[in-house]
Number of protein chains: 2
Amino acid sequence: MASIKDVAAEAGVSVATVSRVLNGHPSVSPGARTRVLAAVDALGYRPNAVARSLRTDQTHTLGLVISDVLNPYFTELARSVEEEARAHGYSVIIGNADEQPELQDHHVRNLLDRRIDGLLVSPTDGGSPLMLDAAHTGTPMVFVDRWIPGVDVPVVRADGREAVRDLVTHLHGLGHRRLAIIAGPAATMTGSERVEAFREALREYGLPLPDAYVGQGDFQAASGRRATEAFLNLPEPPEVVFATDNLMALGALDAIRARGMSVPHDIALAAFDDIPWFVHTDPPITAIAQPTGELGRAAVRALVDRIEGRPPQSVTLTARLVVRRSCGEPQAAQPRTMPSRSMQPPPKQPPSTQRSIT
Amino acid sequence: MASIKDVAAEAGVSVATVSRVLNGHPSVSPGARTRVLAAVDALGYRPNAVARSLRTDQTHTLGLVISDVLNPYFTELARSVEEEARAHGYSVIIGNADEQPELQDHHVRNLLDRRIDGLLVSPTDGGSPLMLDAAHTGTPMVFVDRWIPGVDVPVVRADGREAVRDLVTHLHGLGHRRLAIIAGPAATMTGSERVEAFREALREYGLPLPDAYVGQGDFQAASGRRATEAFLNLPEPPEVVFATDNLMALGALDAIRARGMSVPHDIALAAFDDIPWFVHTDPPITAIAQPTGELGRAAVRALVDRIEGRPPQSVTLTARLVVRRSCGEPQAAQPRTMPSRSMQPPPKQPPSTQRSIT
DNA sequence: CCTCCTTGTGGAATCGATTACATGGAGGAT
DNA sequence: ATCCTCCATGTAATCGATTCCACAAGGAGG
């Protein structure tokens, strides 16, 4: 593979001049410029990004560590991250942690070794020493979706509190009183936060949330199945299961089907995270939708700001309830007329661009 | 960030010795070794992969260029590729071409500039000059799923001919006679191949495949919708739509629903590529399943073979039909009793390890 | 006509590793 | 005791870029 030296020789100039031409440095004569360009063309020369990175200490690469690529939510996130990064001139290396802290550490270490310019993380756990250390020693970093409290790292996320309240309102309006939730790992912020929001909303309606109605999941389908089976084995099973992510909802659906029961007739089902497939399941599933694409883009913008020396901002967008038929009573014509205060005025600004600064 | 020089100074040895310790070179005294290790620990030193790559001309990185990350089939492929690569000590950079040749070229160029050790491609088109050039100039490369004919690059793929024949047998057995297909882009090998297999199977049953029953798609949901609408507008619409990938099947389902028709009562639907969600759609969709995970793993093995100087082998695995309810007549108890010759003896070797050498 | 500044260019240092080669000392064979 | 070998180690070249500095030529200004 041709190097800058070959180009210099071919063009009859020094490597310095070649470099200047390639980097658009002004001080190059038109003659030299054309000869260099011709040589580049003739040799099919492409600059070696590895060498360039070593010298400039910039890789123009972002690392993205997510907890589960197979989860459509994260897939979409990854896609929007890559798009926005490309628009800013960065590439992205994705690390799939598969909800395993050790794997997450492996990827963080690997990305750090490769000297990526910045790191986007959706932490699987409360934060390993490695990651905390990276944050402290000044690696540009941004948390997306999930985060670790007490660390000075900007967070880009969607707030689901209101949407959860809307959901509870919706369920209550349909006459459901015994509501259960499948929680995510307590170690993740989103895990505990969603349960908290649910508990609070229930309190507003004077509904209890017995311990038996809080299933412990790990954001994977199998755990959703297990938790749901436990619910169904209860002397008084819940009327509604709310899964705090889409895969656990899928597991719940499996468990319900395996019992020969049907949704929403025998039991209602709702999920956090809306994905295209929920429209096509049997029945279509009521879910809380995050502005996933905008989340990814905002995260990249924050990270690039940080990398390029501008002050990065935390961003909080809002999630919204999407009512379908999995909780009963298909409200055919007027799909979203709920007696909830949060349903009152449509937000002035589109929710997807709403920014709050921390 | 500490460099090897700092470690050398801390340990009171030369950089050469540090490097030797780090690379497990035998000729290092135990004393020096412990001192170096202590220094590494004290400084939290991690070797700079960029510098190492420059010197050794190896990045221990594989590039994977796929046509669409949002397609669950490719997501699963990407996941298995990353896993197997990691097991071999390689990282993976994924490029999402989004079915656009220019974007595909962008990623290939980018990966080449980063001097990845090898390239795994599922080509979106017939092959740009850039990619052909890379193949010729000796970049280790392997095609996975899709491929470009006439290029000397190993191919790892699943053969769907038999499964397609099984599908036609299944459909014919259910009484369907007017079968339509939504094809992928003609530029992709898998696109034309699947249509060919379908056409051939139809011929065996003496069924015609009129041009009007061949919809032109691009492996995206929207095109599946369009093609299906066109079918339904025909004076004599087909009784079955076979989508050659899962996203187009989704689009087809949309189009059918939009007409107020139901599957399989009004029209049957089948898809190439099986994905977890097909179990949960309404109705569950009959599909041809590829051994996706094994495909990804085999592709990595072939590529690593090529990189490390062993002769790489093309691999062809077999796809198989998974009957569900989207074509009618839920055959409850005995799920797969089809009157097809291909259903006769179970393969001696598990299909997932079946290798054919090209 | 001389000086000074600008512009274009090349030489060489540098980034952080690996590794060929040189060197010095210890130990074994004769 | 001498010589040879082998082991541990250091010095320095190298990978392919970028960039500081020096320098020459040419133009402007006095």
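A note on names: the letters A, B, ... follow the listed sequences, proteins ahead of strands, and every chain is numbered from 1.
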Completion exercise
When every non-hydrogen atom of B:E10 is compared with those of B:A42, the smallest separation belongs to OE2-CB, 4.3 Å

Practice task
Using atom types as modelled and distance alone, determine if a side-chain donor or acceptor of B:T75 lies under 3.5 Å from a backbone N or O of B:V69.
Solution key: yes

Dump the pairs, protein N or O against N or O of nucleotides 24-26 of chain D, anything under 3.5 Å, distances to one decimal.
none

Problem - Rounded interatomic separation in angstrom, taking NZ from A:K5 and P from C:dA12 - result: 13 Å

Practice task
Quick one: list whatever passes side-chain contact (heavy atoms from CB on, under 4.5 Å) with B:V15, sequence neighbours left out.
Solution key: B:I4, B:K5, B:A8

Completion exercise
Across all chains, not counting sequence neighbours, the side-chain contact (heavy atoms from CB on, under 4.5 Å) partners of B:Q58 are B:T56, B:H60, B:D117

Practice task
Name all pairs fulfilling the side chain to side chain donor-acceptor pair (under 3.5 Å) condition that reach into residues 36-53 of chain A, sequence neighbours left out, sorted by first residue then second.
Solution key: A:R46-B:D113

Handout entry: Qualifying residues under side-chain contact (heavy atoms from CB on, under 4.5 Å), relative to A:A11, sequence neighbours excluded
Key = A:V13, A:R35, A:V36, A:A39

Practice task
Give the intermediate values and the outcome of side chain to side chain contact (heavy atoms under 4.5 Å, CB included) for residues A:S19 and A:L22.
Solution key: CA-CA 5 Å; A:S19 176; A:L22 263 30; 5.7 Å; no

Practice task
Give, ordered by number, those residues of residues 43-59 of chain A having at least one heavy-atom distance below 4.0 Å to an atom of DNA chain C; if nothing qualifies, reply none.
Solution key: A:L54, A:R55

Exercise for the section: Check DNA chain D against residues 27-42 of chain A and give the residues with a non-hydrogen atom under 4.0 Å, in numerical order. Expected result: none

Problem - Where at least one partner belongs to residues 80-91 of chain B, residue pairs that pass side chain to side chain donor-acceptor pair (under 3.5 Å), sequence neighbours excluded - result: A:H107-B:E82, A:N110-B:S91, A:R114-B:S91, B:R79-B:E83, B:E82-B:R86, B:E84-B:H88, B:Y90-B:E308

Handout entry: Main-chain N/O of A:Q100 paired with A:D98 side-chain donor or acceptor, under 3.5 Å
Key = no

Completion exercise
Note: contacts of residues 10-24 of chain B with DNA chain C (heavy atom, under 4.0 Å) are B:A16, B:S19, B:N23

Completion exercise
To the nearest angstrom, the NE2-P distance between B:H25 and C:dT19 comes to 9 Å

Problem - All pairs passing side chain to side chain donor-acceptor pair (under 3.5 Å) where residues 130-149 of chain B contributes a residue, at least two apart - result: B:S67-B:R146, B:Y73-B:D145, B:E99-B:R146

Exercise for the section: Under the side chain to side chain contact (heavy atoms under 4.5 Å, CB included) rule, what do B:L103 and B:T124 come out as? Steps first, then yes or no, please. Expected result: CA-CA 10 Å; B:L103 206 45; B:T124 287; over 6 Å; no

Practice task
Could you tell me, to 10°, how much the axis swings from one end of the helix from C:dC1-D:dG30 to C:dT30-D:dA1 to the other, five pairs per end?
Solution key: 50°

Exercise for the section: Could you walk me through whether A:L130 and A:R109 pass side chain to side chain contact (heavy atoms under 4.5 Å, CB included), step by step? Expected result: CA-CA 8 Å; A:L130 175 65; A:R109 190 164 7 245; 4.0 Å; yes

Exercise for the section: Calculate, to the nearest 0.5 Å, the distance between atoms CE and CG belonging to B:M131 and B:D125 respectively. Expected result: 6.0 Å

Fill in the blank from the handout: For B:S128, the side-chain hydrogen bond (donor to acceptor under 3.5 Å, both in side chains) test, sequence neighbours excluded, returns B:D105

Exercise for the section: Report the C-alpha separation of B:R310 and B:V304 in whole Å, then their side-chain angles, then the decisive distance to 0.1 Å, and conclude whether the side chain to side chain contact (heavy atoms under 4.5 Å, CB included) test is met. Expected result: CA-CA 8 Å; B:R310 295 180 295 275; B:V304 170; 3.9 Å; yes

